[in-house]
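Accompanying notes for the structure given below.
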Amino acid sequence: MKPSYVPHVRIVRVDYRSTVDGAALLALLDAYARDPMGGGIPLDVMVGERLCADLANIPGAVSYLAWDTDGEAVGLINCFLGYSTFKAKPLMNVHDLIVLPGRRGLGIGQMLLAAAEQHARSLGCCKLTLEVLTGNATALASYLRFGFEPYTLDPAAGQASLMQKWL
């Protein structure tokens, strides 16, 4: 799906070893963490100290930043390569998608999703996956607009439900 054209934004792949990219990634991720849809709690200091170095060492990790013409990072997408056993092909999971509140509704999220999709296609991935809170109507609408749909194998069995267990 083609994203809306946003002439004042460029999408650039993150270099996890760059201090500029790393600072932008952390600032956006912290803004997301502080948002009610991200849990409402700032990132732990330890996360800031090690996240980019960890990401640089994770095979299949990829992130893209949206930069405006003033040099401000206004959006971020973090993705991880996974594997579909049903298709015997890689898949790409969108783990985080952040657009700063004042920049939402301009197509930046769609542009970031398009960058992730292009990267996934270049790797031969069979699908993109993501998780979203059911109460996040804005994000749900954006994902549906991009072409995502609820995960079902057999409609009679219902939709998949994401679960977690903290370790």
Side-chain angles (χ1 to χ4, degrees), residues 1 3 11-18 21-67 73-87 89-101 103-104 108-151 159-167:
M1 170 174 218
I11 306 299
V12 179
R13 185 171 175 172
V14 171
D15 175 356
Y16 297 125
R17 300 196 189 284
S18 160
D21 286 3
L25 184 150
L26 288 169
L28 285 159
L29 195 61
D30 185 60
Y32 177 43
R34 291 171 186 266
D35 186 275
M37 293 301 163
I41 300 170
L43 293 179
D44 187 277
V45 173
M46 182 229 26
V47 172
E49 292 172 353
R50 61 180 287 185
L51 181 62
C52 290
D54 285 356
L55 288 172
N57 291 314
I58 296 174
V62 64
S63 302
Y64 291 90
L65 286 163
W67 295 94
V74 297
L76 168 72
I77 192 166
N78 292 319
C79 304
F80 297 92
L81 196 59
Y83 190 78
S84 170
T85 55
F86 282 15
K87 298 289 185 182
K89 291 185 174 185
L91 62 85
M92 183 68 59
N93 178 258
V94 175
H95 191 71
D96 305 299
L97 177 58
I98 304 106
V99 176
L100 291 178
R103 304 304 179 94
R104 294 178 184 159
I108 295 168
Q110 299 287 300
M111 293 174 71
L112 289 163
L113 287 166
E117 179 178 350
Q118 181 179 9
H119 183 73
R121 287 183 184 278
S122 77
L123 298 174
C125 292
C126 63
K127 66 179 175 178
L128 287 174
T129 62
L130 57 76
E131 61 191 62
V132 59
L133 296 173
T134 57
N136 193 343
T138 302
L140 276 167
S142 178
Y143 298 145
L144 289 169
R145 190 168 47 256
F146 193 77
F148 282 92
E149 54 190 43
Y151 178 85
Q159 296 177 2
S161 177
L162 177 71
M163 299 176 76
Q164 70 180 9
K165 178 180 178 181
W166 290 106
L167 304 176

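Values below: all heavy atoms of this structure, side chains included; hydrogens, waters and symmetry mates excluded. The chain is numbered in sequence order, starting from 1.
A distance of 10.5 Å separates OG1 of Thr134 from CD of Gln159, quoted to the nearest 0.5 Å. One distance of note links OG of Ser161 with OH of Tyr151; it measures 13.0 Å at 0.5 Å rounding. Atom CG of Asp44 is separated from atom CD of Glu49 by 8.5 Å, given to the nearest 0.5 angstrom. Expressed to the nearest 0.5 Å, how far CD1 of Ile98 lies from CZ of Arg103 amounts to 15.0 Å. A distance of 8.5 Å separates CG in Leu133 from CG in Leu140, rounded to the nearest 0.5 Å. Taking OH of Tyr83 as the reference point, atom NZ of Lys89 lies at 10.0 Å (rounded to 0.5 Å).
Using a 4.5 Å heavy-atom cutoff, the side chains of Leu128 and Leu113 are not in contact. Inter-residue side-chain proximity for Leu51 and Tyr16 is flagged as unmet; no heavy-atom pair is nearer than 4.5 Å. Taking the side chain as every heavy atom from C-beta outward, Met92 and Val62 approach each other to under 4.5 Å.
Here the closest non-hydrogen pair linking Leu91 and Ser84 is CD2-N, 3.7 Å. In this structure, Gly109 and Val99 approach most closely via the heavy-atom pair N-CG2, 3.7 Å. Nearest approach of Ala24 to Trp67, heavy atoms of both residues: CB-CH2, 3.6 Å. Nearest approach of Leu25 to Cys52, heavy atoms of both residues: CD2-SG, 4.3 Å. Considering every non-hydrogen atom in both Gly135 and Met37, the closest pair reads O-CE, 3.7 Å. Nearest heavy atom pair, residue Ala115 against residue Ile11, reads CB-CG2, 3.8 Å.
Checking side-chain atoms of Asp35 against main-chain N and O of Ala31 turns up no donor-acceptor pair under 3.5 Å. Side-chain N or O atoms of Ser122 include one that pairs as donor or acceptor with a backbone N or O of His119 at under 3.5 Å.
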Can you give me every donor-acceptor pair (side chain of residues 75-82, partner residue at least two apart or in another chain, under 3.5 Å) with its distance?
{"unit_1": "Asn78", "atom_1": "OD1", "unit_2": "Ser63", "atom_2": "OG", "d": "2.5"}
{"unit_1": "Asn78", "atom_1": "ND2", "unit_2": "Asp96", "atom_2": "OD2", "d": "3.0"}

Can you list the steps and then say if Leu97 with Tyr32 is a side chain to side chain contact (heavy atoms under 4.5 Å, CB included)? CA-CA 9 Å; Leu97 177 58; Tyr32 177 43; over 6 Å; no
One pair to check against side chain to side chain contact (heavy atoms under 4.5 Å, CB included): Val14 and Leu55. What are the steps and the verdict? CA-CA 10 Å; Val14 171; Leu55 288 172; over 6 Å; no
